[in-house]
Amino acid sequence: MANEYTNLERNRLEKLERLRAGGIEPFPTRTERTHTSQEAIRQFEAAEAAAKSTGEETPAVVPATLAGRLRSLRAMGKITFAHIEDGEGRVQLFLRANDLGQEQFDLFNREFDLGDFVQAGGEMFRTRTGEPTLKVTSFRLLAKAITPLPAAKDEVVDGQVVRHATLADPETRYRQRYADLVVNPHVRQIFQRRAATIRALRTFLDQRGFIEVETPILQPIYGGAAARPFTTHHNQLKQDLYLRISFELYLKRLTVGMFERVYEIGRDFRNEGVSFKHNPEFTQLEFYWSYADYLQVMDMTEQMVNYVAEQVLGTHRIQFRGQEIDLTPPWKRLTMRDGLLDVTGVDIDAHPTAESLAAAMRQKELPVKPGAARGKLIDSMLSEYLEPNLIQPTFLYDYPRDLSPLAKSKPGNPLTVERFEGFLGGMELCNAFTELNDPLDQEQRFLEMGREYEADDDERHPMDEDYLQAMRYGMPPMGGFGMGVDRLAMLMTDSDSIREVILFPHLRNREE
RNA sequence: GGGCGUGUAGCUCAAUGGCAGAGCAGUGGCCUUUUAAGUCAUUGGUUGAAGGUUCGAGCCCUUCCACGCUCACCA
């Protein structure tokens with residue numbers, strides 16, 4: 001569809017044509033930047049400090065050529081003040097007809113707009129109000145902005161209400177994230193913190209001897225979680241493929257191959273509902289640690305999250321949704337049985353069958369979904385009554401076996417597996433267990449899952465024969481771990497929605 | 001998928017069923033140290049889309065679209 005220009009855009013296009021007519025290329029190829037905004041300011045302030053210490057009246061000249069986006073313009077007759085912004089910050093420009101000549105000065109005022117990328121050369125000085133500023137002796141357009149940035153200046157109502165209105169509409173912010181990033185510096189900070197979060201995770205794991213690997217995103221059989229996959233097709237191979245819903249089964253194959261400690265940070269895809277904590281594609285961290293069990297993984301988890309906060313925020317006490325969360329280890333540990341007993345009065349250990357558990361729940365006047373399996377019933381109590389109350393970091397551990405087909409049973413307790421989930425801020429953050437490494441038991445679990453989900457084909461857990469083959473070669477005992485990196489980024493940035501920490505979140509297509 | 005809500009100028013927002021407005025930005029002036037400058041003037045609208053009710057619809061009704069919140073779903 002052809003773009004239709006607004007009046008404001010047409011106005012800028014006319015400027016662009018005038019520039020071209022005057023022999024000025026509005027999108028030149030080269031830039032001659034010598035300093036970033038902050039380098040120029042730092043160097044100037046250093047020259048000032050040096051002059052002061054030696055008693056000089058004027059500091060040494062600091063020549064600089066800067067480049068950035070025009071973010072403010074104040075034309076005052078024969079002089080103009082402006083600010084340009086680059087990746088590090090802002091610096092003020094000072095232009096004077098006397099210095100530039102009337103023709104150049106007029107060119108700047110008439111044809112340059114907010115949002116344009118410009119290059120400006122000159123010397124640093126300090127204005128009467130004390131701001132380090134570039135006195136411009138030459139300038140050049142680097143790239144014309146046709147569309148005005150979606151930002152307004154402040155609004156003064158009755159000399160009282162000052163509102164620095166800027167792009168706020170969530171739809172526009174997500175669809176045009178580039179514009180959001182330009183005008184909302186705090187959004188840039190969110191993604192800098194996200195990057196720091198992922199960097200800290202890598203550093204933490206690398207330091208502990210884990211090796212980062214990459215496993216297939218296109219998989220012939222999906223597995224490792226219960227979720228509907230996205231399906232695609234390879235034309236030449238005439239083969240349906242799935243976008244992975246987890247990395248688990250591939251990473252565990254690598255432990256068979258003697259990689260004792262592996263991890264992967266990457267994208268998972270789940271063809272399910274979208275919410276403030278769900279996006280169809282999301283970033284996952286999984287690691288597998290041979291010869292460890294879920295208790296060791298628990299210890300490492302609290303250390304890892306605490307380390308991330310220290311690296312990203314410089315503190316162990318983070319603010320999230322108006323509450324302070326203390327990440328300092330050790331975290332609270334609670335068995336699922338005790339946790340549910342506390343909040344619902346139902347003892348899951350006393351009810352080994354779905355029928356018995358459902359009866360107990362009805363007696364406590366808890367909602368029961370008819371025909372639900374025991375694991376589903378437990379899960380519903382967990383997410384309804386327990387999870388929202390777990391604000392401070394809490395490990396919930398020892399899960400029912402029928403919720404966890406890839407986890408190992410507790411010795412002497414076949415109904416319970418060695419599994420934990422980490423909760424904080426009322427959200428599930430991670431999921432881990434002592435991994436099942438018995439190929440015969442694993443085959444049996446796959447068969448059970450297949451039966452259980454027979455009614456709902458979408459959720460069926462497909463049998464992965466090759467995974468069983470890997471396990472038959474011998475799989476070491478190990479602890480495994482998975483964590484939603486987006487949710488960790490939410491915690492590190494105090495973001496209410498997963499969409500705030502994903503650069504380009506999924507949105508429905510616009511009507512033509 | 002259900003419920004509730006929102007959609008008006010580039011941005012942020014007004015407008016009892018009765019002339020579609022403001023601030024900022026934009027445009028044209030004045031202004032040689034401003035601070036998201038000041039000042040005078042001024043342009044800009046298919047009110048998300050389509051239909052309906054009405055003498056008259058931004059407002060009421062119906063359908064559709066998008067977004068937000070929420071429920072359902074979601075190991």
Side-chain angles (χ1 to χ4, degrees), chain A residues 5-12 14-15 71-83 90 92-99 105 110 113-115 125-131 133 135 145-158 161-175 179 183 224-228 245-246 248 270-280 282 369 373 375-376 378-380 382-384 399-407 417 419 421 428 431-433 449 453 456 458-459 461 482 496-497 499 505 507-512:
Chain A
Y5 289 109
T6 64
N7 289 336
L8 295 177
E9 289 169 329
R10 277 196 287 271
N11 180 263
R12 289 181 177 212
E14 284 164 15
K15 292 182 180 184
R71 294 290 278 127
S72 74
L73 277 171
R74 293 178 295 283
M76 309 176 55
K78 295 282 189 285
I79 63 169
T80 291
F81 288 94
H83 277 90
R90 292 187 184 206
Q92 183 167 252
L93 304 182
F94 174 67
L95 298 92
R96 201 159 57 157
N98 290 14
D99 300 329
F105 184 74
R110 294 185 61 82
D113 291 300
L114 292 176
F125 77 113
R126 206 172 271 278
T127 60
R128 278 179 202 166
T129 53
E131 180 169 348
T133 299
K135 180 184 284 186
I146 307 299
T147 304
L149 294 172
K153 293 206 291 191
D154 60 344
E155 178 183 7
V156 183
V157 180
D158 301 332
V161 178
V162 179
R163 176 165 45 195
H164 298 288
T166 184
L167 181 62
D169 173 45
E171 186 176 353
T172 309
R173 288 187 50 229
Y174 298 148
R175 286 193 195 278
V183 301
R228 278 187 274 269
I245 58 174
S246 89
E248 173 150 0
R270 296 187 183 176
N271 205 340
E272 283 164 1
V274 178
S275 81
F276 74 92
K277 53 182 181 176
H278 297 274
N279 195 61
F282 61 99
K369 195 177 166 189
K376 288 270 183 188
I378 292 171
D379 192 47
S380 71
L382 167 64
S383 50
E384 184 70 20
Y399 277 53
R401 172 187 146 124
D402 51 4
L403 265 179
S404 316
L406 301 166
V417 293
R419 172 180 173 187
E421 290 186 315
E428 178 195 335
N431 178 25
F433 28 90
M449 292 302 287
Y453 286 105
D456 184 355
D458 283 338
E459 285 189 26
H461 213 81
D496 282 339
S497 164
R499 288 185 162 178
L507 295 177
R508 212 178 295 267
N509 277 342
R510 274 287 214 184
E511 183 189 22
E512 275 302 306

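For the numbers below, each heavy atom of this structure counts, side chains included, while hydrogens, waters and symmetry mates do not. Per chain, numbering begins at 1; letters A, B, ... match sequence-line order.
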Would you tell me if any nitrogen or oxygen in the side chain of [X] comes within less than 4.0 Å of OP1 or OP2 on [N]?
X	N	answer
A:Lys78	B:rC30	no
A:Arg228	B:rC74	no
A:Arg74	B:rU34	no

How far does the [atom1] atom of [N] sit from the matching atom of [M], given to the nearest Å?
N	M	atom1	answer
B:rG3	B:rU62	P	12 Å
B:rG2	B:rU46	C1'	33 Å
B:rG51	B:rA57	C1'	13 Å
B:rC69	B:rC13	P	16 Å
B:rU47	B:rG21	C1'	12 Å
B:rC60	B:rU42	C1'	37 Å

Given that both distances must come in under 3.5 Å, which nucleotide forms a Watson-Crick or G-U wobble pair with [N]?
N	answer
B:rG51	B:rC61
B:rA37	none
B:rU46	none
B:rA66	B:rU6
B:rC74	none
B:rG23	B:rC11

[X] side chain, from C-beta outward: closest of [options]:
X	options	value
A:Pro150	B:rU33, B:rC67, B:rC11	B:rC11
A:Arg175	B:rC31, B:rG10, B:rA66	B:rA66
A:Arg508	B:rU12, B:rG10, B:rC67	B:rC67
A:Asp379	B:rC67, B:rA75, B:rU32	B:rA75
A:Glu272	B:rA75, B:rC74, B:rG10	B:rC74

Under 4.0 Å between any heavy atoms, over every strand shown, what does [X] touch: base, sugar-phosphate, or nothing? Just pick one.
X	value
A:Ser404	nothing
A:Ala75	base
A:Gln92	base

Contacts of A:Arg96 that satisfy salt bridge (charged side-chain N to carboxylate O under 4.0 Å, His left out) - sequence neighbours left out =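 By the salt bridge (charged side-chain N to carboxylate O under 4.0 Å, His left out) rule, A:Arg96 matches A:Asp99.
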
message = Restricting to salt bridge (charged side-chain N to carboxylate O under 4.0 Å, His left out), what partner residues turn up for A:Arg90, sequence neighbours left out?
response =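 Applying salt bridge (charged side-chain N to carboxylate O under 4.0 Å, His left out) to A:Arg90 gives A:Glu85.
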
Any side-chain to backbone donor/acceptor pair from [X] onto [Y]? Under 3.5 Å, distance only.
X	Y	result
A:Ser404	A:Ala407	no
A:Thr133	A:Thr127	no
A:Glu428	A:Glu421	no

message = Tell me whether the side-chain N or O atoms of A:Arg128 pair up with the base of B:rU33 as donor and acceptor below 3.5 Å, since no angle test is needed here.
response =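 Side chain to base: no pair below 3.5 Å.
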
inquiry  = Is it the case that the base of B:rU12 and the side chain of A:Asp169 share a donor-acceptor contact (distance under 3.5 Å, atom types as modelled)?
reply    =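 Not at all, since no donor on one side and acceptor on the other fall under 3.5 Å apart.
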
Whole-Å distance between [N] [atom2] and [X] [atom1]?
X	N	atom1	atom2	value
A:Ile245	B:rC74	CD1	C1'	12 Å
A:Leu8	B:rG10	CG	C1'	5 Å
A:Arg12	B:rG26	CZ	C1'	9 Å
A:Phe94	B:rU34	CZ	P	10 Å
A:Asn7	B:rU42	CG	P	18 Å

query = Which residue, A:Phe276 or A:Arg71, contacts RNA chain B at a nucleotide closer to its 5' end, judged by nearest heavy atom?
reply =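 Closer to the 5' end of RNA chain B: A:Arg71.
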
Could I get a table of every N or O pair under 3.5 Å where one atom is in the protein and the other is in nucleotides 27-29 of chain B?
residue : atom : partner : partner atom : Å
B:rU27  : OP1  : A:Asn11 : OD1          : 3.4
B:rU27  : OP1  : A:Lys15 : NZ           : 2.5

task = Could you tell me whether A:Glu171 and A:Arg175 have a side-chain N and a carboxylate O separated by less than 4.0 Å?
result =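 Answer for the salt bridge query: yes.
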
message = Among residues at least two apart in sequence or on other chains, which ones pass ring-ring contact (aromatic ring centres under 6.0 Å, His included) with A:Phe125?
response =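 Partners of A:Phe125 by the ring-ring contact (aromatic ring centres under 6.0 Å, His included) criterion, ordered by chain and then number, come out as A:Phe94.
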
key: Residue list, side-chain contact (heavy atoms from CB on, under 4.5 Å) with A:Asp379, at least two apart or on another chain   =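 So A:Asp379 forms a side-chain contact (heavy atoms from CB on, under 4.5 Å) with A:Leu382, A:Leu403.
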
inquiry  = Under the rule for side-chain contact (heavy atoms from CB on, under 4.5 Å), what residues qualify as partners of A:Ser275, not counting sequence neighbours?
reply    =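 Result, side-chain contact (heavy atoms from CB on, under 4.5 Å) vs A:Ser275: A:Lys277, A:His278.
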
